[in-house]
Structures are given as C-alpha cells and as structure tokens.
Protein chains: 2
Amino acid sequence: MFENASKVRKKPMQARSRETVSAILEAAAQVLEARGYAGTTTNHIADRAGVSIGSLYQYFPNKESIVLSLMEAHMAEAASGTDALMSLVEARGCITPDDVREFVHLAMELHKREPGVHRAIVQDIPITGKIWWEAFMNMERIMVDRLRILLDKTPHARKTKGGAAARMIIRVLESLTHRQVMDSADRLDQEEFLEETSDMLCRYIFDAGMDKS
Amino acid sequence: MFENASKVRKKPMQARSRETVSAILEAAAQVLEARGYAGTTTNHIADRAGVSIGSLYQYFPNKESIVLSLMEAHMAEAASGTDALMSLVEARGCITPDDVREFVHLAMELHKREPGVHRAIVQDIPITGKIWWEAFMNMERIMVDRLRILLDKTPHARKTKGGAAARMIIRVLESLTHRQVMDSADRLDQEEFLEETSDMLCRYIFDAGMDKS
DNA sequence: TGAGAATATGAGCAATTACTTATATTATTC
DNA sequence: GAATAATATAAGTAATTGCTCATATTCTCA
C-alpha cells in the first residue's frame, strides 16, 4: 500500500546492509523517542545505530525519509488492522455497539506501541506540505467511506447527509487517541478511556433505547 | 493570569519601543503562518517587522519567547472566554444542551482567528519539556474541575467517578477543534461541525429522552 | 583466487541560524 | 542645551547540522 517512494537511495542487496538499514531505523526510533524530531540529528542516529554517517546516507537520502519510513510502518500496521476489523463487520452487514468498542480498542492498541516515536512524528514534524499527511488523509478517507456504507446499512443507526456521521466518528477516534498519546503522564486510565469513548460513540451512532452492550 | 515570565528582556518605556514590540509580534504571526515554526527565523521576523535583529533581541531573549508570547495571548483569550461562559452557566446552577452548543461554538470561534499561527504553535513546536504545555494543561484542569461540579449539580446529567465525564467532554472539545484547525482544506463544514459535535456531546452528557434543543 | 561489485568509513564542507556587541540615533530631563 | 537614558542598527561570531566524497574494507562468483 505505501510503496517506498524514492525513500531508499540504494537498495540493500546483501544481508549485511539489510541489517544496517534496520539498525538505522531502530536507532532512529530510540533517538526520536528520547529527543524529539527537532533534537534528533542524522549523526545521532548513525552513532546510536553503530554505523557511520556515510552509511546512513547511502540508504536514506535525508533525515526526513528516515522518519517517514517509521511513519509508513505505523500507517501500514494501522491500515491492515483497520481493514481486518472493517471486513469482519462488513461480512456481517451491519455495525453493532460491540464493534464500536472493538474499533476504540484497536485505535488504542495501535498507539500504545512506541508512544514516543508516535508523539515525535505527529507532534514535532512540521506538517505543512509534508508527504505523509497526504497519505494519512487518504487512509482516513477510505475508512470514512467504508464506515459510511456500513452506517447506511445498519438499522437504527445515525443517518446524516454526506457521510457527516462517519467523518465525525473517525475523527473522534483519531483525535482522542492522538491526544491520549500526547500526555503520557496524568492521562485518563486506559479502561476508563475505552469505556467512555465507546459509550460516547455508541450514543452518537445508535438510536436511544438500544442497550449499549 | 499568564504573567510575562521573564519573557521581555527589557521593558519598553517609550511609545516608540512599544510599537517595535507589537510590530515584532505581528510579524512573527505572519511569518509563522506562512512558514511554520521550523521555517521561521528571528531574522525573518525582524525583516518583516521592519526592525533590526538587534532590536528584536533587545525585547525578546530568544525565538521561543516570541512564539510563547503569541501563545499566551491566545490562551488568555481562551481562558477569559471560557470563564465568562462558565460563570454564566454556574449562575444558573445547572448545564443545558444549549450551553453545550455554546461551548462548542466558543471553541470554534477561538480557533478561527489566525488558524495558521495556531497550527504552527500546536503542531510544529516540540512539546517535550516546553513551558506552554504545562500552562495549557493547567488551564484544562481548571475547566475540567468547574465542569465536573456543574455536571454533579445537573439532574439527568451523566455521573461518573473521578470526573471522567468532564475530562472526556473537555478533551473532545479541544481535540476536535484542534483537528479542525489542522486541515484547513477539505474540512467539515462549520455548521455541520457545530451541529454534530454538540449533538454528540449532548447525547453523551444527558439521559436519553431529553430533547437536544 | 582475484576482479569487480557492494558496502562501510569519517573527516570535513557549505550553509544556516540564533544571538552578541560596538556603535549610532533619538528621546527625556534638569 | 547638555547630559543621560532609551532605543535602534547591522556586521559579525560561534555553533550546529545536513550531507558529500575520496578511500578503505568486505563480499560474490566465475
């Protein structure tokens, strides 16, 4: 889905270089987590990875592309997870409160791993004109469309014009989990977050009277 | 509320210098809007303001403090607006669906002015260890506490332990409006956003059966 | 085994940038 | 109208940083 668009300067042929590349990515994640995007330098990454700065630039054209690589991995994970869940629901034909809960749960799981990296990526990187934002918006659009169809098929589910409800739901999911990632300290308890968010979405989606679980 | 904590290096005494300071702030807003935080340099700001770089550093100790100034202004505005609305509701003693709508409306209004500046501030500036994030969290805490008391007083309003509902509501408001600011293009129509968000919050807050308007 | 391809190295360059400082200009005060 | 304080100027510095390139090492395969 997210092909490596001119991301890798030279394609690694031998096992040795493939290890170098993954060492760089792993180091990048660590440094990013520790110092944020602005505080991360290519030399830092090379140092931490135990490779020379020259090697780094042999496989990545610039600093941004390294972070983009991490981002793509995260998005691919998100896309496949969402796709699986969505397909399941589509097979049944309509969406239920339990499904909603599963979606919230998935969103939480996806952001739980490497929160520091995620924080650095979504928070620190200047968004304007950046490539990954476009990819992100595209992924969101696809999800909204699928959810919209599902909502239309589901009896007693909210009906809006132009798919507004679907857009709202996806946005709430994304915004709240992103926010949850931001403040690592003092954050809403995980269980509480799952509970309250699911309930809020269910009340929004389904007609009153339907029991939420 | 947000006193200028060591922000201004030398306090401007004459009208001339006060104009210089405001020219700098205005220029900073423009440059920030056009180029983002990372792309903004102190020399850019001085140029745009029509003052020398030396003058800039006479009144601001560093680049960050300039942006912090803008942020404080925004937060002071937000604090006073919210306070006014909150006081109104507190005087009545309980919260209504109309109030909820007013809160959403306020949040939208606060982010409508200078969206580019806001975008640069919340998106581009590395959060880790930054001063304004603490002030922001503090403001949020105050709002949550007041809302929590209001919810407790309101019949048929959601009751949670530990103020979870109040926390959720404030978070949804903030997260969604921030997100709304992020994608200037392709954004939910303003009216639609107000409508759907208010409705979502009302359904979450109030027992089923109460009409939303 | 040796020639060529792939990979690794790191000193150093070029460009950027936040910030200083010595000096000049303007305002205020007695 | 001096003397002093406030303000403005911009050339220049020191440090950072993304990135290159000439050279060295390791691997592959005929």
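Being a predicted model, the structure only gives us computed values, none of them experimental. Sequence lines set the chain letters: A, B, ... in the order given, protein chains first and strands last, and positions in each chain run from 1.
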Enquirer: Which whole-number value in Å describes the distance from B:Phe60 CZ to D:dA8 P?
Expert: 12 Å
Enquirer: What's the spacing between B:Arg171 CZ and A:Ser175 OG if we round to 0.5 Å?
Expert: 12.5 Å
Enquirer: Heavy atoms within less than 4.0 Å of DNA chain D: which residues of residues 42-50 of chain A have one? Give them sorted by number.
Expert: A:Thr42, A:Asn43
Enquirer: Among the nucleotides C:dC19, D:dC19, D:dA8, which one has an atom lying closest to any side-chain atom of B:Thr20?
Expert: D:dA8
Enquirer: Specify the separation, in whole Å, of atom NZ of B:Lys63 and atom P of C:dA18.
Expert: 5 Å
Enquirer: What is the separation between atom CD on B:Gln58 and atom C1' on C:dT21, rounded to the nearest whole Å?
Expert: 11 Å
Enquirer: By the salt bridge (charged side-chain N to carboxylate O under 4.0 Å, His left out) test, which pairs, at least two apart or in different chains, include something from residues 106-118 of chain A?
Expert: A:Glu77-A:Arg113, A:Glu109-A:Lys112
Enquirer: A:Ile53 CD1 to C:dC13 C1': how many Å, rounded?
Expert: 14 Å
Enquirer: Looking at B:Thr154 and B:Ile95, would you say the former's side chain and the latter's main chain have a donor-acceptor pair under 3.5 Å?
Expert: yes
Enquirer: Rounded to whole angstroms, how far apart are OH on A:Tyr59 and C1' on C:dT9?
Expert: 12 Å
Enquirer: Mark yes or no for whether B:Thr160, through its side chain, and B:Ala165, through its backbone, hold a donor-acceptor pair below 3.5 Å.
Expert: yes
Enquirer: Whole angstrom is fine here: how far is it from CG in A:Leu56 over to P in D:dC19?
Expert: 10 Å
Enquirer: Under 6.0 Å from the ring centre and within 45 degrees of the ring axis: does the NZ or CZ of B:Lys63 meet both conditions for the six-membered ring of B:Tyr37?
Expert: yes
Enquirer: So which protein N/O to nucleotides 27-30 of chain C N/O distances come out below 3.5 Å?
Expert:
none

Enquirer: Of the listed nucleotides (D:dT9, D:dT7, D:dG18), which one gets closest to any side-chain atom of B:Ser17?
Expert: D:dT7
Enquirer: Got a second to check how far A:Leu151's CG is from A:Ile169's CD1, nearest 0.5 Å?
Expert: 5.0 Å
Enquirer: Looking at five pairs on each end of the helix from C:dT1-D:dA30 to C:dC30-D:dG1, what is the angle between the two axes, given to 10 degrees?
Expert: 0°
Enquirer: Using OP1 and OP2 only, check whether a side-chain N or O of A:Ser52 sits under 4.0 Å from C:dG10.
Expert: no
Enquirer: Among all residues two or more places apart in sequence or in another chain, which pass the ring-ring contact (aromatic ring centres under 6.0 Å, His included) test with B:His44?
Expert: none
Enquirer: Could you check whether any side-chain N or O of B:Asp99 sits under 3.5 Å from a backbone N or O of B:Thr96, counting only pairs where one atom can act as donor and the other as acceptor?
Expert: yes
Enquirer: A quick test of your reading: do over 12 heavy atoms of other residues, nucleotides or ligands sit less than 6.0 Å from NE2 of B:His105?
Expert: no
Enquirer: Using atom OH of B:Tyr57 as one end and atom P of C:dT17 as the other, report the distance to the nearest whole Å.
Expert: 12 Å
Enquirer: Are the side chain of B:Arg101 and the backbone of B:Ser198 linked by a donor-acceptor contact shorter than 3.5 Å?
Expert: no
Enquirer: For a side chain to side chain contact (heavy atoms under 4.5 Å, CB included) check, start with the C-alpha distance between B:His118 and B:His178, then their side-chain angles and the critical distance, and finish with the verdict.
Expert: CA-CA 9 Å; B:His118 200 267; B:His178 278 173; 3.4 Å; yes
Enquirer: For residues 45-54 of chain A, dump all side-chain donor-acceptor pairs below 3.5 Å to protein atoms at least two apart in sequence or in another chain.
Expert:
from	atom 1	to	atom 2	distance (Å)
A:Arg48	NH1	A:Gln30	OE1	2.5
A:Ser52	OG	A:Ser55	N	3.2
A:Ser52	OG	A:Ser55	OG	3.3

Enquirer: For B:Ser55, answer base if it contacts any base atom (sugar-phosphate contacts may also be present), sugar-phosphate if it contacts only those atoms, and nothing otherwise; contact means non-hydrogen atoms under 4.0 Å.
Expert: base
Enquirer: In this structure, how many angstroms lie between the P atom of C:dT16 and the CZ atom of B:Arg35, rounded?
Expert: 11 Å
